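Note that the coordinates shown come from a computational prediction; the quantities given were computed from them, not determined experimentally.
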Amino acid sequence: MLRVEGLRKSFGGREVLRGIDLAVAPGEVVVIIGPSGCGKSTLLRCLNHLEQPTAGRVWFREELVGSRDEGGRLLPRPEAEVDRQRARIGMVFQRFNLFPHMTALGNVIEAPIRVKGMAREQAEALALRLLGRVGLLDRKDEYPARLSGGQQQRVAIARALAMEPEVMLFDEPTSALDPELADEVLQVMQDLAREGMTMLVVTHEMGFAREVAHRVGVMDAGLVIEQGPPSLIFTTPTQPRTREFLRKVLHTRLEGTGPAET
């Protein structure tokens, strides 16, 4: 579904991504963990071309994202083509980014109507179904200011799903929430995973990574230093930097003799 080869991204003289290779299969849930500032969010933003990579290639279903290959030379795609690609790759951000002057329903129907040209009646039917899916049908007429953080993030997930994407990117979607509200959002994400949605998730929620991920990738200093099933990453990581990171976030020793305790 998604494939990344040699992805690099620099901001000025600082190289944030230093050669990422990664693939996500259809229906797979891949969780990326690692210390703050290691490039996790930048990686997601490069995948749907919110940030233009400095080097490397990103494919979505074997189509280059944001560029096209002309005889071995990469040329930028027209913006309309990039928008078409983005519409198939949903993204949920750390901050909810809802339109404050629109109700929950209004936020969800906006993109299908304006970007996809969907009839309003059809868009509203879709939005009501999606708001029900995230447990917020009864709050459809509320404005963001009257919703909790967890409810706003669930509206943001419904808004992303309204574009009927083939893959969902989540950029630390619970980082701004307290634990109880974070659980609301994680439950919706778990439901999506069970339904077979292809997902690439950047998170500090280690419990979610252990329970839901098919594969966990560990990033440090702009590189994916290790990846594998959570049963291995959380018990017998091979890289010293992974062990150090997990000791800090799990507050336990990792000896490779049994599951780490959260």
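In this structure the side chain of L2 never reaches within 4.5 angstrom of the side chain of T198, judged on heavy atoms. Side-chain atoms of R77 and Q85, non-hydrogen and from C-beta on, do get closer than 4.5 Å to each other. Within the 4.5 Å cutoff, side-chain heavy atoms of Q227 are placed close to those of L22. The shortest distance between side-chain heavy atoms of V65 and L47 does not fall below 4.5 Å. You'll find the side chain of K9 stays beyond 4.5 Å of the side chain of P53, heavy atoms only. Using a 4.5 Å cut-off on side-chain heavy atoms (C-beta onward), Q94 and S41 make contact. Side chains of Q152 and N107 form no contact here, defined as non-hydrogen atoms less than 4.5 Å apart. A heavy-atom distance below 4.5 Å is found between the side chains of H204 and K40.
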Requested in this report: Go through the steps to decide whether L161 and R133 satisfy the test side-chain contact (heavy atoms from CB on, under 4.5 Å), and finish with yes or no.
Outcome: CA-CA 10 Å; L161 292 173; R133 187 175 180 182; 4.2 Å; yes

Requested in this report: Evaluate the criterion side-chain contact (heavy atoms from CB on, under 4.5 Å) for residue pair L7 and L43; output intermediate values, then yes/no.
Outcome: CA-CA 8 Å; L7 186 65; L43 169 61; 3.6 Å; yes

Query raised in the report: Would L232 and E226 count as a side-chain contact (heavy atoms from CB on, under 4.5 Å) if you check the C-alpha gap in whole Å, the side-chain angles of each, and the deciding distance to 0.1 Å?
Result: CA-CA 11 Å; L232 294 180; E226 183 168 6; over 6 Å; no

Query raised in the report: What do the steps show when you test V29 against M189 for side-chain contact (heavy atoms from CB on, under 4.5 Å), and what is the final call?
Result: CA-CA 10 Å; V29 178; M189 294 169 64; over 6 Å; no

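A salt bridge does not link R57 to E5: none of the charged side-chain nitrogens sits closer than 4.0 Å to a carboxylate oxygen. Using a 4.0 Å cut-off between charged nitrogen and carboxylate oxygen, E81 and R68 do not count as a salt-bridge pair. R241 and E244 are joined by a salt bridge, as a carboxylate oxygen and a charged side-chain nitrogen come within less than 4.0 angstrom of each other.
Linking Ile, Leu, Val, Met, Phe, Trp and Tyr residues whenever their side-chain heavy atoms come within less than 4.5 Å leaves I233 and V202 in two separate clusters. No path of Ile, Leu, Val, Met, Phe, Trp and Tyr side chains, each step under 4.5 Å between heavy atoms, connects V92 with V167, placing them in separate hydrophobic clusters. In the hydrophobic clustering of ILVMFWY residues, with side-chain heavy atoms under 4.5 Å counting as a link, M102 and L147 come out apart. Under a hydrophobic-cluster definition in which Ile, Leu, Val, Met, Phe, Trp and Tyr are linked whenever side-chain heavy atoms come within less than 4.5 Å, directly or via other members, F245 and V224 are assigned to different clusters. M163 and V108 fall into different hydrophobic clusters, defined by Ile, Leu, Val, Met, Phe, Trp and Tyr side-chain heavy atoms under 4.5 Å apart, directly or through other members.
Going from atom CE of M1 over to atom CD of E166 covers 5.5 Å, rounded to the nearest 0.5 Å. Between F234 atom CZ and L250 atom CG the span is 6.5 Å, to the nearest 0.5 Å. The CZ atom of R95 sits 11.5 Å away from atom CG of D171, with the distance rounded to the nearest 0.5 Å. Taken from CZ in R86 to CZ in F60, the straight-line distance is 13.5 Å, to the nearest 0.5 Å. Distance CD1/I32 to CD/E172: 12.0 Å, rounded to 0.5 Å. We find the OG1-CZ distance between T242 and R247 to be 10.5 Å, quoted to the nearest 0.5 Å.
Each of V31, L192, L44, V185 was checked for a side-chain contact (heavy atoms from CB on, under 4.5 Å) with F170, and the lone residue meeting it is L192. Screening Q122, R114, E124 for a side-chain contact (heavy atoms from CB on, under 4.5 Å) involving I109 leaves a single residue, E124. Screening N97, L130, L131 for a side-chain contact (heavy atoms from CB on, under 4.5 Å) involving R159 leaves a single residue, N97.
Side-chain polar atoms of Q153 and T174 form no donor-acceptor pair below 3.5 angstrom.
Shortest non-hydrogen contact noted between P144 and F99 is CG-O, 3.6 Å. Here the closest heavy-atom approach between residue D220 and residue P35 is recorded as OD1-CG, 3.5 Å. Minimum interatomic distance between P100 and Y143 (heavy atoms only, all atoms of both residues): O-CD2, 3.6 Å. Across M91 and N48, no two heavy atoms sit closer than the pair SD-ND2, 3.4 Å. Annotation for P237 and R243: closest pair O-NH1, 3.1 Å, computed over non-hydrogen atoms. Residues L181 and S148 come closest through the heavy atom pair CD2-OG, 3.9 Å.
Of the possible donor and acceptor atoms, none in the side chain of K116 sits under 3.5 Å from a partner among the backbone N and O of A111. In terms of modelled atom types and a separation under 3.5 Å, the side chain of R215 and the main chain of E28 share no donor-acceptor contact. In this structure, the side chain of R8 engages the main chain of R18 through a donor-acceptor pair within 3.5 Å. Under a 3.5 Å cut-off, the side chain of R3 and the backbone N or O of E62 do not form any donor-acceptor pair.
Checked against side-chain hydrogen bond (donor to acceptor under 3.5 Å, both in side chains), S10 has no partners two or more places apart in sequence or in another chain. Listed by chain and number, the residues in a side chain to side chain contact (heavy atoms under 4.5 Å, CB included) with R194 are Q187, Q190, D191 (sequence neighbours excluded).
The other residues sharing a hydrophobic cluster with L64 are W59, L74, where clustering joins ILVMFWY side chains under 4.5 Å apart.
Shown here is R84, whose CZ atom has more than 12 heavy atoms of other residues, nucleotides or ligands within 6.0 Å. Within a 6.0 Å radius of CD in E121, other residues, nucleotides and ligands contribute 12 heavy atoms or fewer. For E180, the CD atom counts as loosely surrounded, since its 6.0 Å shell holds 12 or fewer non-hydrogen atoms of other residues, nucleotides or ligands.
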